[in-house]
2 protein chains.
Amino acid sequence: MSRPPRIDRAAVLTATLELADEKGLAAVSMRAVADRLGVTPMALYRHVGDKQQLLDGLVEWVLREVPLPDPALPWPERLEAMAQAMRTTARRHPDVFPLLLRRPAVTPGAARVREAVYAALRGAGVPEPDVARTERMLSTFVLGFAASEAGGRFTVDAAQLDADFSWAAGRLLGGLVDGADRAVEAERAG
Amino acid sequence: MSRPPRIDRAAVLTATLELADEKGLAAVSMRAVADRLGVTPMALYRHVGDKQQLLDGLVEWVLREVPLPDPALPWPERLEAMAQAMRTTARRHPDVFPLLLRRPAVTPGAARVREAVYAALRGAGVPEPDVARTERMLSTFVLGFAASEAGGRFTVDAAQLDADFSWAAGRLLGGLVDGADRAVEAERAG
DNA sequence: ACCTGAACACCGTTCAAGT
DNA sequence: ACCTGAACACCGTTCAAGT
């Protein structure tokens, strides 16, 4: 007869993420995760495959945690909110975040964020043939920036980094943001 | 009495890089590196400290391998050459390269590349107060792009990626490259 | 269906010892 | 000064067994 499961996939991923945040990625072992859950290491295999799949699942788990902005907001605010959300996620999970750069962006979690960026770029009037490319380069920059920031590569202060980020994002968007800011203000003015 | 060393730091780093390239970063263990050198694992500690320092040294070792362009070349060609060199290095060492995003950019190897970019940006007429920031954002993008490309995050073909890269780099440079290309051609035309 | 126990081939690192 | 051997507390994973 079957008996009720003591752990499930979500519990394993939650425990793994806590461990990675508290003690670093190097401390993430099947045995340490199992310890935290109060089971033997072998109990994990049924739920997450093996260690590589555990790490793959962890990346997806982190990506799903990134909040998406209200689609009713003006597109510059949506882009800004998503970029800041990625930076916040990177700072919250500095050891796990860089793994994002090592996985094909084809998972549901990656597609979820990408589609929201597509919508904002279309709202900005980016021509359809340019939408995918603009998203690829923007997300590459945001991932690289967030990973660098969380990993401690930058040696300037936080205010300088905020200014750098806006400056670079504005350039990648080719002046769209400045134009749109004016458009949004014009709307508000009536 | 002392006896002649059988291995040195360079030999350890070379063996480590070969191992990482052939079998991945997960295969890099003190024991496996020692095996490849024909010594016991404990012999490595004198030369590279411990495993964390071995990995730190490995990143620096890879960075020193990036070729710098002839300073006599026009600046757009120098920037282009350095960017392509970073992509080549990333593809050659896909497992080691992402570690660059997790280390402060204060090592000699990082400074070496940075100074060459500074010189090119000054040659391009970037105002002095903007030079450091432009370099930070450009290198963040190039690192993120190269790591993504080498790590398999992109799912488009190589020609598309080349086009994407030029497009984004041109935008980050704020039209400097297009202007300079014309300037260089005008010079050549006499 | 879900978890355990024992086992195997690995790890990083310390410490005392050899030359 | 440089390397070794033995030892300790870890790894990931398989396999057969228990409920």
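Keep in mind it's a predicted model, so treat the numbers as computed, not measured. Throughout, protein chains are lettered first and strands after them, A, B, ... in sequence-line order, and every chain is numbered starting at 1.
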* Asked: Hey, does the side chain of B:R6 come within less than 4.0 Å of D:dA1's phosphate (OP1/OP2), counting only N and O?
  -> no

Contact string for nucleotides 6-14 of chain C, one letter per nucleotide 5' to 3', B = base within protein heavy-atom range under 4.0 Å, S = sugar-phosphate only, - = neither, reads B----BBBB

Discussion item. Quick test of your reading of the model: are A:R102 and A:D56 salt-bridged, counting only N-O distances below 4.0 Å?
Written reply: no

Counting only Watson-Crick and G-U wobble pairs with both atom distances below 3.5 Å, the stems of 3 or more consecutive pairs that include DNA chain D are C:4-8 with D:12-16, C:12-16 with D:4-8

Atom CG of B:D35 and atom C1' of D:dT4 are separated, to the nearest Å, by 14 Å

Residues 58-68 of chain B vs side chain to side chain donor-acceptor pair (under 3.5 Å), sequence neighbours excluded, gives B:E60-B:T107, B:E65-B:H93

Discussion item. Just N and O in the side chain of B:H47: are any of them under 4.0 Å from OP1 or OP2 of D:dC3?
Written reply: yes

Checklist entry - Judged by atom type as modelled, is there a donor-acceptor pair below 3.5 Å linking the side chain of B:R171 to the main-chain atoms of A:L172? => result yes

Contacts of A:V142 meeting side-chain contact (heavy atoms from CB on, under 4.5 Å) (sequence neighbours excluded), chain-then-number -> A:M86, A:F165

Suppose we call two aromatic rings close when their centres sit under 6.0 Å apart. Are A:F141 and B:F145 close by that rule?
no

Sorted by chain and residue number, the side-chain contact (heavy atoms from CB on, under 4.5 Å) partners of A:A34 (sequence neighbours excluded) come out as A:V39, A:P41, A:L44

Check B:R36 with B:E22, please: is the shortest side-chain N to carboxylate O separation under 4.0 Å? yes

By side-chain contact (heavy atoms from CB on, under 4.5 Å), A:A11 pairs with (sequence neighbours left out) A:D8, A:L37

